[in-house]
Amino acid sequence: MNRRDFIEGMFTNLGALALGVPLVAETLRIGRTPPGSSAGIANSGAITRAPVDREISLIAEPGKLAVGRMGVFERWLYNGKFPGPEIRAKEGERLRITVRNRLPEPTTVHWHGVPLRNSMDGVPDITQPPIQSGQDFVYEFEATPAGSYMYHTHFGLQFDRGLIGPLIVEEKKPNLAYDREYTLMVTDFLPGEPKPLTASAGRGPMGGMMAMMGMQVPPYTALLINGRSSDDPFTFEVAERERVRLRLINPSGATTYRMAIGGHSMTVTHADGRPVEPLSVDSLYIAAGERYDVLVDGKNSGVWPIVAAALEQNLPPARALLRYKDSWSSQLHADAMPEGLSRGRLLQLGDLRSIGSPPWREPSRTLDLILSGGMMTSAWTINGQAYPDAAPFDIRGGDVVLVRMVNQSMMPHPMHLHGHSFQVGNVTKDTVMVWPHMGQAAFEFVADNPGKWFFHCHNQYHMDAGMARLFRYL
Ligand code: C2O
Ligand code: CU
């Protein structure tokens with residue numbers, strides 16, 4: 001046990017109780033000397049000295065959720081809502097979020113995309129003990145950098161019970177002008193209890209075959225936008241000549257979408273929360289864990305569908321409406337499929353360029369990863385190993401780590417790294433899709449935030465069945 005392990009162990013044992021004890025914070029500061037400089041470090045210092053700017057309470061509790069005309073369902077919810085309440089902060093504010101577990105089993109909360117201190121990362125048994133039923137846990141971190149994030153449970157398959165919500169960090173100095181903004185969360189909906197997928201069980205006539213080939217999908221019954229089904233769509237208001245910022249967030253258990261808006265193109269301004277040079281497209285793919293901010297110009301009056309069509313699921317697309325105030329052309333276009341879903345410009349990651357992203361550096365560590373699984377077995381693997389029976393990737397502070405991935409399976413794998421952002425070509429992200437059938441993707445990150453960081457496929461069922469590893473700082 002080295003010094004850092006000891007210090008972290010001590011902190012973990014003290015858990016939430018330690019949050020008020022300056023001595024512990026002081027010890028932690030001594031234990032951390034992250035090299036280089038990046039946004040990650042802002043959250044890596046002592047956690048109790050700075051005053052807190054926002055106190056938030058999240059109660060995780062069973063509740064009832066009405067979904068359009070589909071009915072009322074038993075779900076697990078944050079503060080009785082689905083998606084959970086929007087947590088909104090200004091860049092640089094310190095948040096103290098008390099999570100009260102009123103579920104019949106343990107839980108944790110992960111702040112997806114925020115490069116915070118390792119002990120606040122919400123991965124059970126890795127960064128904290130699970131919050132037991134009836135217990136509370138206090139998360140405290142700095143809302144930095146600005147961007148569109150999400151929070152969600154990180155315990156087992158709980159994600160698909162409904163424990164997700166948006167986390168928005170507003171820019172101190174916005175780099176774009178707009179008249180209004182909306183958050184749009186597109187999710188897959190599972191009415192019952194999430195269960196691991198098995199290679200033998202498949203639905204429908206082709207089900208068994210598909211399952212054997214590793215193409216099994218959870219039995220979702222609908223796709224929702226902001227918790228609303230397409231028969232009772234969520235409606236976003238806009239006025240002629242206004243510019244709207246939409247924060248597109250995909251906190252789905254296992255679904256990738258192609259999104260488009262009838263009668264409008266979208267100007268992509270942020271990828272996974274980080275600003276990019278604006279790029280106008282007609283549609284984009286958004287994988288589980290990904291976020292895109294887009295601007296939409298109000299210059300085509302009417303009522304238009306915002307549609308998210310699922311890649312892995314044979315379900316009617318999720319649908320919301322963009323409604324112009326004083327529009328007299330009523331429902332004219334609302335039921336049509338946006339043209340952008342099948343033609344026009346589809347966003348390619350390679351076309352995006354982050355603003356102020358660091359140049360590509362010579363890696364000091366290179367990892368070649370083969371993503372596979374699902375064939376005949378229910379395990380999903382990285383280099384043949386299924387987490388937790390998998391060796392951690394050991395790195396050192398200051399390392400420039402290059403990760404190259406090949407997807408040998410028939411399912412897409414959106415791979416997400418905790419605690420860091422990474423470079424995919426010219427784009428700064430924290431989640432990157434590796435497409436099926438030998439799809440490839442590479443990312444590079446600077447090891448600037450010590451700890452044990454989870455790295456996994458954001459398909460919850462793949463993660464649960466082994467497609468995960470730890471990056472461990474030595
Ligand atoms: Cu959305 Cu392990 O994360
Ligand atoms: Cu996957």
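For ligands, and for the atoms within them, numbers begin at 1 and follow the listed sequence.
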Using a distance threshold of 2.8 Å, state whether an N, O or S atom of His418 lies below it from atom 2 (Cu) of ligand 1. yes
Restricting to N/O/S atoms, is His456 within less than 2.8 Å of atom 2 (Cu) of ligand 1 or not? yes
Going by ring-ring contact (aromatic ring centres under 6.0 Å, His included), His154 matches just one of His418, His112, His416. Which one? His418
Compute the angle centred on atom 1 (Cu) of ligand 1 spanning NE2 of His458 and NE2 of His152, and express it rounded to 10 degrees. 110°
If I consider every N, O or S atom in His154, which one ends up closest to atom 2 (Cu) of ligand 1? I only need its name. NE2
Is the shortest side-chain heavy-atom distance between Arg54 and Arg96 below 4.5 Å? no
Closest N/O/S atom of His462 to the Cu ion (ligand 2), by atom name? ND1
Can you name the N, O or S atom of His413 that is closest to the Cu ion (ligand 2)? ND1
For the Cu ion (ligand 2), does an N/O/S atom of Cys457 lie at less than 2.8 Å? yes
State yes or no: are the ring centers of Tyr139 and Tyr151 separated by less than 6.0 Å? no
For the rings on Trp435 and Tyr285, is their centre-to-centre separation under 6.0 Å? yes
Please verify the inter-ring angle class for Phe443 with Phe422; under 30° counts as parallel, over 60° as perpendicular, anything in between as tilted. parallel
His112 backbone or side-chain N/O/S under 2.8 Å from atom 1 (Cu) of ligand 1: yes
Run the salt-bridge test on Asp430 and Arg291 with the 4.0 Å N-O cut-off and return the result as yes or no. yes
